[in-house]
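Scroll down for the structure; my scribbles are underneath it.
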Amino acid sequence: MSTAQAHEGVKPAKKRFRIDYHTFGPFVALVALCILGFALNPAFASEGNIANLLTRSAFIGIIAVGATFVITAGGIDLSVGSMAAVISGVMIIVMNTMIGTTGTGVATVLVGCLASVALGLLAGFVNGFMTTKGKIEAFIVTLGTMGIFRSLVTYLADGGTLSLAFDIRDAYRPVYYGNLFGVPIPVVVFGLVAIAGWIVLNRTAFGRYCMAIGSNETVARYSAIKVDRVRTLTYVIQGLCVSVATIIYVPRLGSASSSTGVLWELEAIAAVIIGGTMLKGGYGRIGGTVIGAIMLTTIGNILNLTDIISNYLNGAVQGVIIIAAVWLQRGNLGRINIFRKAGS
Amino acid sequence: MSTAQAHEGVKPAKKRFRIDYHTFGPFVALVALCILGFALNPAFASEGNIANLLTRSAFIGIIAVGATFVITAGGIDLSVGSMAAVISGVMIIVMNTMIGTTGTGVATVLVGCLASVALGLLAGFVNGFMTTKGKIEAFIVTLGTMGIFRSLVTYLADGGTLSLAFDIRDAYRPVYYGNLFGVPIPVVVFGLVAIAGWIVLNRTAFGRYCMAIGSNETVARYSAIKVDRVRTLTYVIQGLCVSVATIIYVPRLGSASSSTGVLWELEAIAAVIIGGTMLKGGYGRIGGTVIGAIMLTTIGNILNLTDIISNYLNGAVQGVIIIAAVWLQRGNLGRINIFRKAGS
Amino acid sequence: ATAQEIKIGVSIPAATHGWTGGVNWHAEQAMARLEAANPNIDIILMAADGPAQQANDLEDLVSIHQIDALVVLPFESEPLTDPVRMVKQSGAFITVVDRGLAQEGIEDVYVAGNNTALGAVSGEYFRERLGEGDNIVVLRGIPTVIDDERFNAFMETIEGSGITVLDNQYANWNRDDGFEVMQDFLSRFPDIDGVWAQDDDIALGVIEAVRQANREDEMFIVGGAGMKEIIQMVMEGSELVPVDVLYPPAMIATAMDITVNHFTSNGPVSGEYILGAPLITPDNAETYYFPDSTF
Amino acid sequence: MAEFASQAILAASRISKSFGEVPVLFSVDFDVRAGEVHALIGENGAGKSTLIKILSGLEAPTSGTIILDGAPVRLPPHGEAEAMGIVVIHQELNLAEHLTVAESIFLGREWTRFGFLRRGDMQNEAQRILDSLDVAIDTNRRINTLSVADKQMVEIAKAISREARVLIMDEPTAVLTPAETKTFFEQVRRLKAKGVAIVFISHKLDEVMTLSDRITVLRDGQLIATVETGDLTPDAIAEMMVGRELSNLYPPKHEPDVDAPLVLEVDGLVALGVRGVSFALRQGEILGFAGLIGSGRTAVMEAIVGLSDVHAGQIRVRGKPVRFSGIGEAIDAGLVYMTKDRKGKGLLLNIGLQPNLTLLTIKRHIRHGFLNEASEVEAMERATRRFDIRARDASVKVGQLSGGNQQKLMLGKAMETDPDIVIIDEPTRGIDVGTKQQIYHIIAALAKEGKSIIVVSSEMQEVIGLSHRVVVMREGRRTGTLEGAEITEGEIMRYAAGLKGEEDDVHRASA
Ligand SMILES: Nc1ncnc2c1ncn2[C@@H]1O[C@H](COP(=O)(O)OP(=O)(O)OP(=O)(O)O)[C@@H](O)[C@H]1O
Ligand SMILES: Nc1ncnc2c1ncn2[C@@H]1O[C@H](COP(=O)(O)OP(=O)(O)OP(=O)(O)O)[C@@H](O)[C@H]1O
Ligand SMILES: [Mg+2]
Ligand SMILES: [Mg+2]
């Protein structure tokens with residue numbers, strides 16, 4: 001009589017050979033994509049290409065780590081792309097201005113980074129404050145700040161482009177183009193941000209609060225969680241992530257204009273959702289987000305592997321792959337035979 | 001400390017002398033905007049300008065009526081802008097092709113409209129089907145179809161612009177430029193769509209099911225509501241609305257290209273949310289959506305009517321006004337004295 | 001694919017509005033033509049949605065396709081300067097089209113469009129047609145350097161002519177925006193003598209708005225680029241659209257031709273090819289009219 | 001048996017059910033006949049809710065058959081069985097928060113004319129049904145503005161308004177007071193007289209005895225027996241359920257110390273739904289709060305701990321005036337409040353047990369800034385032992401727990417804070433008699449240790465059995481305070497119904 005089991009109280013979760021599709025799915029989809037890429041063009045697997053691919057995914061990936069917090073806590077931030085643009089712009093202005101004072105070396109770059117972080121925190125706080133204290137839907141607040149930030153960068157650039165003085169570029173270049181033990185710096189930063197994000201979300205009280213708020217705000221309030229403060233903090237974290245992404249972005253293109261970071265918000269949110277975080281909140285996965293970001297970049301890369309498809313259809317192929325990848329990873333995988341055995 | 005209910009934004013539906021900010025708020029904000037517009041430039045209130053303004057808001061407005069259904073039932077549709085583009089494109093191709101068979105008269109236009117409706121229904125069904133049966137998040141599905149539709153129109157137009165044959169334009173022009181008892185046709189259509197939408201959402205079982213599903217899917221399921229069917233239908237309604245919007249859009253410029261309808265999805269969703277519908281579903285307001293759509297167009301119009309602000313800052317002003325308008329209408333109105341008396 | 005195959009990468013902005021659509025079309029045509037004529041040449045065409053993606057594309061052209069030459073129409077000059085330099089460092093032959101890079105000496109060939117000239121030529125025409133006391137409105141593109149160059153050159157040219165610019169607003173090189181902005185200008189200003197739309201897509205929207213307001217007789221409209229619909233109107237002697245200013249998307253094909261020449265002809269190819277921005281009038285319109293083009 | 005089966009409208013034959021690999025029901029037989037009330041009882045997690053979910057098609061049995069009108073059927077999923085006349089009141093409140101009362105009552109079977117809703121008719125009908133249940137709820141109110149008990153009444157109204165042939169009710173009375181229960185039972189008897197077959201689940205054995213014709217007992221997913229109600233005493237039933245003899249449900253009351261210091265004083269409290277309430281709580285005392293639905297007991301407690309705005313009045317904790325702005329501050333001051341709305345306010349249903357248990361006290365499981373999982377696991381084990389929480393394993397989501405086990409988890413969550421003053425709202429909602437006894441003993445032990453406890457309960461016996469003193473409320477006011485021998489059912493009812501009222505004009509004046 002196996003009911004006895006039900007009576008022994010709560011046993012620790014069993015770690016059997018059970019496939020959690022939400023953890024496993026995104027990974028499988030990514031592997032499938034890579035196989036497709038290699039089949040299309042073996043150059044896909046070249047070291048250079050892989051390095052490029054990972055480096056690129058760092059921007060969106062870092063922003064998406066922040067977005068994971070916001071979305072897990074039941075919010076949304078549409079302003080990240082514009083925020084990145086305005087932060088880039090201000091960084092460039094600050095650094096160009098500081099050349100006279102601190103020279104063209106690392107000092108100036110550091111001042112620029114400091115400005116970036118300060119601005120990111122501020123922008124995030126503004127979004128969070130208006131959402132929580134102003135009681136305005138996050139969608140509206142960040143739609144508004146998206147317009148505001150985008151305008152600001154246009155204004156700062158006087159309708160044109162802000163470019164980093166060429167003297168400083170040499171000092172700053174390694175942040176994008178350099179590498180640490182062969183790993184590109186942006187990838188290193190991405191990794192660190194992801195690990196930090198994972199720890200905060202899964203191993204601190206704050207992370208638990210985010211999930212609780214996203215899951216049921218009332219329960220969170222009845223559980224002595226300072227809902228407004230935690231929620232505001234998620235936007236601040238998002239701002240910080242945007243500023244970090246910007247810091248590694250600026251040396252790549254050395255400029256900022258009104259077209260910088262357009263639609264990054266959509267990519268970041270897509271990375272988060274592809275990774276298995278729920279848009280309605282309550283459930284976040286940093287690991288999934290990382291894979292989601294890499295997946296999106298990989299799709300773009302795959303389109304460049306071959307020119308059998310008309311350029312006009314790039315978007316369509318991208319759309320199909322995204323849907324297919326997510327379809328693959330959402331339990332539908334279970335219908336494929338080899339997985340059914342291992343699964344429930 | 002306010003209660004959870006205030007966060008949810010839903011007030012008890014009492015009918016007494018109680019101002020329901022969700023009904024009243026958007027309207028007040030719109031009136032405030034109009035006063036601002038008139039103050040900046042009296043030409044704002046000219047008959048011509050008002051007609052232009054309302055006519056313009058018809059596109060986004062009609063699409064937003066559809067979006068109200070989707071969002072009320074807890075979904076989201078990011079593909080509407082691209083869908084409008086591809087439907088316009090196909091309509092133009094169909095009509096140009098049919099000239100030989102049905103001539104350059106109303107018959108051809110009707111065939112074009114039929115194609116539009118068929119395509120809208122189909123596109124909506126595809127979105128709905130993949131969301132419900134494929135069990136893929138609406139965000140991902142419609143992000144995918146957004147790319148697919150946009151690519152298709154680029155492909156059909158060979159990267160350029162599809163233009164309606166000039167012979168047909170005369171027969172078709174009145175649909176945009178004509179008027180009925182002095183009211184521009186698009187405004188008439190908008191009005192009819194809004195009324196139909198209001199009736200369906202508030203006076204039919206289907207509308208009630210949308211709210212129930214958006215509010216709590218399990219409850220809806222337990223109440224023997226065919227959740228998947230209703231949800232799919234909301235996307236079909238969205239598709240129909242897009243096709244109606246397209247039918248009045250095409251005669252305006254007689255062309256479609258890959259830049260048609262860019263970012264309309266964002267505008268449509270914004271109109272819905274500004275109007276008081278909740279992004280997480282469960283609560284929809286067609287009336288609010290109509291006002292939201294008009295408000296968005298009005299903001300753009302006001303910016304064109306004055307040159308006191310640097311052009312670069314248009315987006316910023318737009319953002320500020322959107323946030324302010326929504327802030328005004330979300331209960332915060334209650335803090336202003338005259339309203340407090342009447343309110344709670 | 002023989003060992004001697006020469007790979008040429010072509011990187012252009014995606015077809016997000018009329019002019020870039022034209023660029024795409026001409027690039028596709030040129031690719032087909034050149035590949036057919038030169039069996040040892042493989043052309044890889046990539047279209048990017050923005051500067052960051054274009055930088056990605058350039059990386060991929062090098063790391064995946066190992067191109068021997070690059071033809072690039074930069075989305076924006078500044079952000080693509082470094083990425084193009086990286087391509088150059090891989091040893092590829094570089095042809096830059098339309099928008100110059102922010103630093104000298106990277107490209108081997110520069111096929112330059114001339115946005116300043118487009119603004120100046122348009123300005124000249126307005127000076128000629130209008131004078132003291134006349135009012136015009138200006139519809140601009142998207143806030144970028146290109147738009148700035150055109151606008152500033154135009155404003156400098158008409159300076160001192162007594163023409164008043166009532167207002168300028170961005171219409172994002174988009175027909176719908178052109179239509180709406182013009183509608184608002186029309187409700188705002190009772191007296192408009194001319195419209196500078198600086199782009200044919202915008203101009204098409206402006207035309208419809210003016211027609212709707214029944215004010216065709218009052219003003220004329222000048223666009224830019226050389227879209228076939230507009231050129232046709234010029235050719236037919238339209239009062240409303242008397243002229244156009246050429247800014248040919250076909251310049252991408254020219255650049256591709258030159259680049260292929262570098263590999264097929266014996267002499268080295270280099271230098272600058274600056275395209276003008278000629279005024280298209282009813283007299284010369286026919287030479288610029290390509291009814292088969294999508295643009 | 002064949003003859004019996006032919007009389008049964010709905011029957012389950014050799015039904016087994018497993019969730020994943022865990023079996024929950026073992027070959028259970030059950031049937032219900034027209035015009036009878038068949039009670040289903042058993043410990044928490046015995047499988048009662050699961051069985052009725054199977055009987056209504058919401059869950060598919062792993063094996064066994066459902067027989068409707070003598071013929072085996074496969075019930076359609078998703079509540080479509082309602083079209084066959086099988087109507088269910090679920091244990092977990094099952095209403096959409098954004099709909100109004102009238103909309104909820106008619107959800108899924110709206111009245112229409114030419115495709116349009118007959119809103120007025122439905123409103124009137126909804127009003128009529130609510131009136132027949134003797135509840136005053138505005139049919140235009142939205143569900144998310146109702147108290148739990150009102151929501152339950154709406155659920156009941158929804159169920160009895162449907163054309164039921166079989167009406168299945170899973171603990172419908174858990175949050176109802178005896179008065180509400182009485183009117184509700186009248187409606188049930190009316191339906192029974194009309195020939196409706198009724199299945200009734202409850203942990204309140206007196207209700208079971210009064211209402212039912214037959215009783216089926218489940219234990220650990222096994223069918224123990226089906227018996228005629230008249231054949232058994234409540235004690236015998238309890239014994240069948242728990243599998244052991246149950247002696248005195250309530251622990252002996254220790255004498256309260258009249259000189260003990262006052263730990264909580266409330267003076268002229270005014271808040272939403274509270275109109276000038278005063279009372280005091282001594283150290284080591286158990287203070288009961290009784291009253292009808294909506295009498296404002298919950299509102300008082302929520303105002304005290306800072307979950308809702310206090311408009312006027314004074315609250316003192318150990319003599320010091322306090323005004324908490326959130327429950328966090330209350331907890332820091334040694335107060336804890338356990339809500340009665342476990343689904344809406346108490347627990348996160350989509351995550352596991354452990355994070356729920358420690359949500360309120362997560363700070364205690366932080367080492368060097370990071371969560372210490374071992375310490376959380378330990379807390380979970382502690383609570384499991386203390387409150388006898390039963391779940392398959394820690395990976396189960398709270399939403400999948402049986403109702404009673406959710407309640408126990410919530411108690412555990414509140415007690416994790418190690419409070420001096422404990423306010424518990426409906427502490428034993430949905431808990432079986434065996435565990436109830438344990439919980440009562442825990443409460444009594446806490447009081448003996450010197451903790452002070454407020455028990456808000458709709459279960460009269462519970463208030464009487466536990467409390468040293470009882471505050472009775474009516475319409476947001478305190479109408480009486482009973483002590484010692486005064487604490488009787490009749491006396492409480494008289495105050496609660498407004499037949500007797502304390503002279504508390506003083507308090508009202510001061511408010
Ligand atoms: N969806 C589910 N997934 C996994 N286990 C479940 C699920 N639903 C119920 N269970 C388990 O089945 C067992 C029986 O639960 P059930 O809800 O039927 O008990 P019950 O008799 O109604 O108890 P209570 O009196 O506490 O309501 C419990 O151990 C519960 O955890
Ligand atoms: N007169 C009133 N005006 C407005 N709201 C009220 C009024 N009375 C009660 N309420 C609200 O209705 C709800 C019912 O009160 P409460 O839950 O405190 O009653 P209760 O005695 O605990 O009864 P129940 O067991 O039904 O919950 C509370 O949330 C309270 O805010
Ligand atoms: Mg090729
Ligand atoms: Mg149960």
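Everything numeric here is computed off the predicted structure, so don't read it as measured data. Labels below follow one simple rule: chain letters A, B, ... track the order of the sequence lines, proteins then strands, and each chain is numbered from 1.
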Checking heavy atoms, do the side chain of [X], its backbone, both or neither come under 4.5 Å from chain A?
X      : answer
B:Y155 : both
B:I269 : both
B:L143 : side chain

Minimum heavy-atom distance between [X] and [Y], given as atom pair plus value:
X      : Y      : answer
A:A256 : A:A85  : CB-O, 4.1 Å
B:S257 : B:T161 : CB-OG1, 3.9 Å
A:I76  : A:A138 : O-CB, 3.6 Å

inquiry  = Contact between A:N127 and A:M83 at the side-chain level, heavy atoms closer than 4.5 Å - yes or no?
reply    =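 In contact.
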
query = Taking A:L313, A:L78, A:T145 one by one, which has the highest count of heavy-atom pairs under 4.5 Å against chain B?
reply =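 The option with the most such pairs is A:L313.
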
request  = Using a strict cut-off of less than 4.0 Å between a Lys/Arg side-chain nitrogen and an Asp/Glu carboxylate oxygen, indicate whether A:E217 and A:R221 qualify as a salt bridge.
outcome  =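 Not counted as a salt bridge, because no side-chain N and carboxylate O are separated by less than 4.0 Å.
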
message = Counting heavy-atom pairs closer than 4.5 Å to chain A, which one of B:V317, B:I322, B:T154 comes out on top?
response = B:T154

ask   = What residue, out of B:G319, B:S151, B:A157, has the most heavy-atom pairs lying under 4.5 Å from chain A?
value =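 Ranked by heavy-atom pairs under 4.5 Å with chain A, first place is B:S151.
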
task = Calculate, to the nearest 0.5 Å, the distance between atoms CG and CG belonging to A:L303 and A:N314 respectively.
result =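 The CG atom of A:N314 is 4.5 Å from CG of A:L303, to the nearest 0.5 Å.
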
task = Counting only heavy atoms closer than 4.5 Å, note whether A:D158 contacts chain B via side chain, backbone, both or neither.
result =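 Backbone plus side chain of A:D158, per the 4.5 Å heavy-atom cut-off to chain B.
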
inquiry  = Is A:L279 close to chain B through its backbone or its side chain, or both, or neither, when contacts mean heavy atoms under 4.5 Å?
reply    = side chain

